[in-house]
Amino acid sequence: MADTAGDGARLPTMDAELDRVEAVLHEALEAGDPFLTEVAGHLARAGGKRLRPALAVAAGAVAHPEGLVPEEVVRGGVAVELVHLGSLYHDDVMDEAETRRTVESVNHRWGNLVAILAGDFLLARASEIAAGLGTEVAGLLAATIGRLCEGQVLELQRTFDTARTEDEYLRSIGGKTASLFSAACRIGAITAGLERDAVDALTRFGERYGMAFQVVDDVLDVVATDEQLGKPAGNDLVEGVYTLPVLYALRDGVGRELGDLLGRPLQPAEMHQARDLVRASGGVDRALEVARAHLDDAVAALAPLPDGPGTAHLTSAARSLLDAVPA
Ligand code: GRG
């Protein structure tokens, strides 16, 4: 998916801030054992957009419109990225994924046991950093890991279920994705020393932006090509994860035909047929409307905050998110 804040409103210091993030991240990925260091650093080396640390930094920049944000903000952003990485290690085990970030996934290369342990190691490093940032940040990160698990379990409970409701979908993505975006903004705001009202406003921005991010991610699985995604498109349908555009399509003119295909594992040709049906329905546009409404809410949450490079960056990130969807 596209980088955040791709236009002129990008935080001018963001490149320098992300260099600081990389330095702290790679230090955190060092283990006592060279094999664990290699495995723990595998996905971080492979790339990733570092969206969550960028959100933490932009939130922190609201309190520090000039110069760089305090070191605590950078460390907070790294803690959140480590949780994200740990969740990807575990998610790839659950999905039996072969690739991630265009490289071979950890589970495929070293096996499930190593992937789970290395994922746990990343969560441990995240917790260690968060503990150094104070009780509130440590508690928030722990609660967020809990929300990630809850969101993922809700999703698992409804795989291959064409009766999955919109509300169940929204609760699941609130946990598995929006919670971490929200935590990134909140931790950036807390560690930057912002007042409570501003911390809460930035938290709401992150939550709403995160909801829209996951809806767009789910739309891309239906409308984008393998090349545009850097991973096989239609994977959610194959995994039996029926996302918002699919749920809307199931209740639309193509619903009967689509319902006959779904509810069980798909052959590749059936997956393409299902994708075509969803694209031919109004499901994609309706899902994008939901994403747009969350983004409007995200931008509205920033209204009480002072104008400056931090809020400009976040506003621009929200305004440009839908640009990632091919016309
Ligand atoms: C062990 C913390 C933990 C959680 C267990 C597996 C699980 C429960 C949760 C996984 C949730 C999950 C994979 C959500 C999807 C999040 C998402 C939108 C990933 C893609 O994010 P990007 O586009 O990826 O920011 P990059 O690679 O750029 O970082």
(message) Keeping R164 on the side-chain end and Q157 on the backbone end, is there a donor-acceptor pair under 3.5 Å?
(response) no
Quiz: residues 241-249 side-chain donor-acceptor pairs under 3.5 angstrom, not counting sequence neighbours:
from	atom 1	to	atom 2	distance (Å)
Y242	OH	G263	N	2.8
Y248	OH	E166	OE1	3.4
Y248	OH	E166	OE2	2.7

(request) Output yes when R208 and D296 qualify as a salt bridge under the 4.0 Å nitrogen-oxygen rule, no when they do not. (result) no
(request) Answer yes if the side chains of E22 and H26 hold a donor-acceptor pair under 3.5 Å, and no otherwise. (result) yes
(message) Nearest 0.5 Å, please: how far is OH in Y89 from NE2 in H42?
(response) 6.5 Å
(message) Quick check for you: to the nearest 0.5 Å, what is the distance between L262 atom CG and F160 atom CZ?
(response) 9.5 Å
(request) Give, for atom CE of M14 and atom CG of L68, the distance between the pair rounded to the nearest 0.5 Å. (result) 11.0 Å
(message) Using a 6.0 Å cut-off, check whether atom CG of D19 has over 12 heavy atoms from anything other than its own residue.
(response) yes
(request) In plain terms, say whether D91 and R100 are close enough for a salt bridge, that is, a side-chain N and a carboxylate O under 4.0 Å apart. (result) yes
(message) I need the E155 CD to E239 CD distance, nearest 0.5 Å.
(response) 9.0 Å
(message) Once rounded to the nearest 0.5 Å, what's the spacing between atom OG1 of T177 and atom CZ of F213?
(response) 8.0 Å
(request) Determine whether the side chains of T165 and D167 contain a donor N or O and an acceptor N or O closer than 3.5 Å. (result) no
(message) Here's a test for you: under side chain to side chain donor-acceptor pair (under 3.5 Å), which of D200, T144, T191 qualifies with R186?
(response) D200
(request) Count the heavy atoms of every other residue, nucleotide or ligand shown that sit under 6.0 Å from CG of D307, and state whether that count exceeds 12. (result) no
(request) Output yes when R292 and E289 qualify as a salt bridge under the 4.0 Å nitrogen-oxygen rule, no when they do not. (result) yes
Without placing hydrogens or testing angles, list every side-chain donor-acceptor pair under 3.5 Å for residues 52-66, not counting sequence neighbours.
from	atom 1	to	atom 2	distance (Å)
R52	NH1	H84	NE2	3.3
H64	NE2	A192	O	3.2

(message) So that I can tick it off, tell me whether R20 and E17 are bridged by a salt bridge, with the cut-off set at under 4.0 angstrom between side-chain N and carboxylate O.
(response) yes
(request) Can you establish whether the number of heavy atoms outside E96 located under 6.0 Å from its atom CD is more than 12? (result) no
(message) For the CG atom of L302 and the CG atom of D297, what is their distance to the nearest 0.5 Å?
(response) 11.0 Å
